[in-house]
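Naming: A, B, ... by sequence-line order, numbering from 1 per chain. Atoms considered below: every heavy atom in the structure, side chains included; atoms not considered: hydrogens, waters and symmetry mates.
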Amino acid sequence: MAYWLMKSEPDAFSLDDLCSRPDGTEPWDGVRNYQARNMMRDNMKRGDKVFFYHSSCPVPGIAGIAAVVKEGYPDHSAQNPESKYYDPKASPENPRWFMVDVKFERKFPRLIPLSELKAEPSLAEMILLKKGNRLSIMPVQENEWRQILSMV
DNA sequence: GCCAACGTTGGC
DNA sequence: GCCAACGTTGGC
């Protein structure tokens, strides 16, 4: 089992939104970055755990945990001209973009702010904290996962 | 709203 | 294949 971190803007889709979905499940559509796509298409497996990160908000940070419940499949929003995620280069033969389904697992009693993650020496190697990183989906090491859980 | 950092596009 | 221009991300 692997660990991941997925970013979402809470104004658009928050951990609470995920929790209130039927079955607590949501397709992670709209990712239009090849590195992130490849992770969803090739690497994220059913049962993997995900930190749900809130970005572009007053206090960015980790809000809780979700799990991968459906492995990579075509992101059909890319083929829907009505969708804001429409990509004219996507087709049934070449879907181009992929997504996974994630399911709500747990909301932390408090959000773990980015500032605390930055201040924790043992997290110095986290991809999230690397200068210039813009990935919206990234792997998390097991020791990083455990460290962050201890900060909840 | 600013801006650093990075990704993508497209002319050549 | 190079690289300048442009677009996006996301913290601050």
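Counting only residues at least two apart or on different chains, no ring pair (Phe, Tyr, Trp, His ring centres under 6.0 Å) pair has a member in residues 114-143 of chain A. Among residues at least two apart or in separate chains, ring pair (Phe, Tyr, Trp, His ring centres under 6.0 Å) pairs with a member in residues 12-55 of chain A are W28(A)-F52(A), Y34(A)-W97(A), F51(A)-W145(A), F52(A)-H54(A). Note on residues 109-132 of chain A: no pairs pass ring pair (Phe, Tyr, Trp, His ring centres under 6.0 Å), not counting sequence neighbours.
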Under 3.5 Å, which donor-acceptor pairs do the side chains of residues 126-143 of chain A form with other protein atoms, sequence neighbours left out?
{"unit_1": "K130(A)", "atom_1": "NZ", "unit_2": "E125(A)", "atom_2": "OE1", "d": "3.1"}
{"unit_1": "N133(A)", "atom_1": "OD1", "unit_2": "L135(A)", "atom_2": "N", "d": "3.1"}
{"unit_1": "E142(A)", "atom_1": "OE2", "unit_2": "R146(A)", "atom_2": "NH1", "d": "3.1"}

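The bend of the helix from dG1(B)-dC12(C) to dC12(B)-dG1(C), defined by the angle between the axes of its first five and last five pairs, stands at 10° to the nearest 10°.
By the 4.5 Å heavy-atom criterion applied to side chains, L117(A) and I62(A) are counted as neighbours. No side-chain heavy atom of R46(A) sits under 4.5 Å from any side-chain heavy atom of K70(A). C57(A) is not listed as a side-chain neighbour of E9(A), based on a closest heavy-atom distance of 4.5 Å or more.
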Quiz item: What one-letter contact string describes nucleotides 7-12 of chain C from 5' to 3', where B marks a base within less than 4.0 Å of any protein heavy atom, S marks contact via sugar-phosphate atoms alone, and - marks no contact?
Solution: BBBBSS
